[in-house]
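Below is one structure; the comments refer to it alone.
What you see is a predicted model, and the numbers here were worked out from it, not measured in a lab. What you see below is based on every heavy atom in this structure, not just the backbone, and it leaves out hydrogens, waters and symmetry mates. All chains are named by letter (A, B, ...) in the order of the sequence lines, taking the proteins before the strands, and each is independently numbered beginning at 1.
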Amino acid sequence: MRIRLSLLVAAGLLLAAHANAQNTRIPLVEGLVEVIAVRSTSGDQEQIVAVTRADSAIVEFTVIFRRIGPNGPVNNTRMREVRREDLAKSNRRNGYFQVGDPLKFPGSTLHHLSSSTLAELKTTGRSDVIVGMVLGTGDNEAASGFVVNPAGRKYFRGTFIRVEPGRVPISVVVNGTPTRLDTIHVRGKLSVGNESIDVEMWVMDDPLNPEILRFRTRKSVSQTVRFDFPVAEPLVAQLQFALAGGPGVIGGFGGGSGANGGGSAGGTCRASLSGIYFDFAQATLLPQSTGTLQAVAGVMTANPGWSLRIEGHTDNVGGGAFNLALSQRRAAAVRDALIAQFKVPGARLAATGFGLTRPVASNDSLDGRAANRRVELSRTCP
Amino acid sequence: MTLTEARMKRQHTFLATLALLSVALAACNKPETAAGTATGGLADSAETAAADLSGAQSNAAPDPHDPCRLLTGAEVEAVLGSKLVVPPYRGSNPLGDTNGMPQDDGSVCWYVGKDNRNITAQAYWENAGAITAAVSRELAEGESASGGILKLQDGSELVGDWDEARLRGCCALQAMLGDASVEIEFGGSQATEEQAGELANKALARLTEPLAVSGIAGNAAAQKWQQARYAPTDPCAYWTVADIQRLLGGDEAPVVKASGQDCAITYSGPRGRSDMVITVTPRNGYRTFRRENASFAASARGISADNEGSIKLREAKSVQGPWEAAEDGPIQFNAVRHDASIALRHGRLSIEQIRAIVGHAFDRIEQGAGT
């Protein structure tokens, strides 16, 4: 009953958040971090894509591929530099990494269609494209992934046709807030030699950042489920505001009104902690989490009287026992890092795991499951 | 084994693997019906059509996978800077042991200009993705490789009409389009990467609309031309024991003996007995010279990187002498003259002694020593 109520409240907040975020733009700037989820038979796999450099000529992406291999979790990190001129006008996309790939593929984008391709799709409803893909990788085929396949990458050619005349919103967690981002939905039959394949893409309707948010081919789907990027208001201020019981949804699904039944007056002051990244299915914090941890430490320093509870939450893939243990270990990992790296007194930090028991979204979709995998902070409001 | 030796061994293993890969891929790329299309009539037509070296016309059904249908002779002449001396012909892989020899089912088209400067072209008509992936893996394993990136002198990268491209070794540009690719090997020429890129663009455009010429038609003329070239089997054919003693001095008679493809020489000097190993490549020397210089420079950089700069080998430098070009590097001395190259590995020779030994060998090559 508690779970159902929680889900209903969260759904309401989700809708409210969506309604308030129609015009959100994702800036293609240094510090942007993105999580791409890939639906596979063994559960959702994730890629973390970080913009590690962005100047007037080049955008550098660092991509961490996280998957479960035959001998356990496997992480691969690869880098790719994409020229701004290609982001502006190239019609070729190479979203796959192979062993030995060079850093640059001049003439190709990575996770984007170009601005000119987007404009053509919007004005004429069609655009000729070239898409480099590695097929035969099973249910990860649509993943812009790191692949080892003897068949290698092939470049398919064809025409994308716009499917719906209007924009199609896709739900993504943006800086901790569920947000509907407008996309252009396109579809095409692409071919090389005697081989052809149906491809669908949902491309962010932003000429400054026409990123492919969802990519589907055959039975495989990948989708961006989360963006975190630097904002004008420092994260430390956002956390301070939310944890002090400020109104509205700050930093995620909780906020002052409390997604899980808490309230600001005598209840729970709460913030969903965006910008925390773990190894796939593990409790090892990734370096991309450092900024957020630093912000939490800043809040604790600024408020010496505060004590925080760190809560781990998961999706429902893997069953209750596994996820409960995982959420507990992840919460503990955040606590340990705050103590060890940022000298926050351990007595002011508690760590708890709730596993799959407190979802904030449906576990039936990639974006819903991504929203459910989260870390929240809470404190007892005065 | 020292660090330098270990790296050199890895480098050679890498280069050998790349060469083997090239040969294997070329073998895979041979058209099944090509051998059957070789006829004396076609070969004769090449000899009688010597005035037109841009690619011989053929009355036979064209081989769809004839690599000579991708570039005209004139297009390659413009890059070589001279007229072709034989018609474009089908031959073996430029990195193979029998490089340059005509083969009727050859997957490589050879374009040979003045002084035997040459460029080769070949195509993988399908499954190029697999080939590119294999090449990439090899490049990744070659520690000194840069992933095949096509960096130009101004820091920019070569861009063409291809979907992606790799530079293999110093001088093989592999450009992929869809699931096909062409490879322009320009190590036997003085062509730049940009010029190779222009040829690759032209060849890619002809994958779907090839020229109406036959590479086999040039093979008979190429056979005659190759047979007329100097190629002794003895790697020590260029010096007698008396030559070595006269050129280097010393009281004791030197020991000169063949060691595989090399000539190993032990001689005496002011600081006692010393050894050197000389490798003469009497044909395909331009390509060998360019590739060896590039690979050893990469090795030297790799040794420095392996040791975080604590070991820094000196830069190779150009040396004047009785040759067209020479590079005196920390690992090996390389020189080239008229498409013959000589590599010398030594410990104690002065540059004057090197000039004497190497210059003597070049003279002997031009005199046809050992044939």
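More than 12 heavy atoms of other residues, nucleotides or ligands shown are found within 6.0 angstrom of CG on A:D55. Remark: A:R126 CZ is loosely packed, at most 12 non-hydrogen atoms of other residues, nucleotides or ligands lying under 6.0 Å away.
When all heavy atoms are compared, the tightest approach of B:A133 to A:G152 is CB-CA, 3.9 Å. The two atoms that bring A:R92 and B:W162 nearest to each other are NH2-O, 3.1 Å, heavy atoms only. The shortest non-hydrogen separation linking B:D163 to A:I130 is OD1-CG2, 3.8 Å.
Contact annotation for A:R153: both backbone and side-chain heavy atoms come within less than 4.5 Å of a heavy atom of chain B.
Here CG of A:N194 is found 8.0 Å from CD of B:E126. Values are rounded to the nearest 0.5 Å.
The backbone N or O of A:P102 lies less than 3.5 Å from no partner atom in the side chain of B:R166, so there is not a single donor-acceptor pair.
Options B:G160, B:G129, B:A128 differ in how many heavy-atom pairs under 4.5 Å they form with chain A, and the most are formed by B:G129.
Taking 4.5 Å as the limit, every side-chain heavy atom of A:K104 sits out of range of all side-chain heavy atoms of B:V159.
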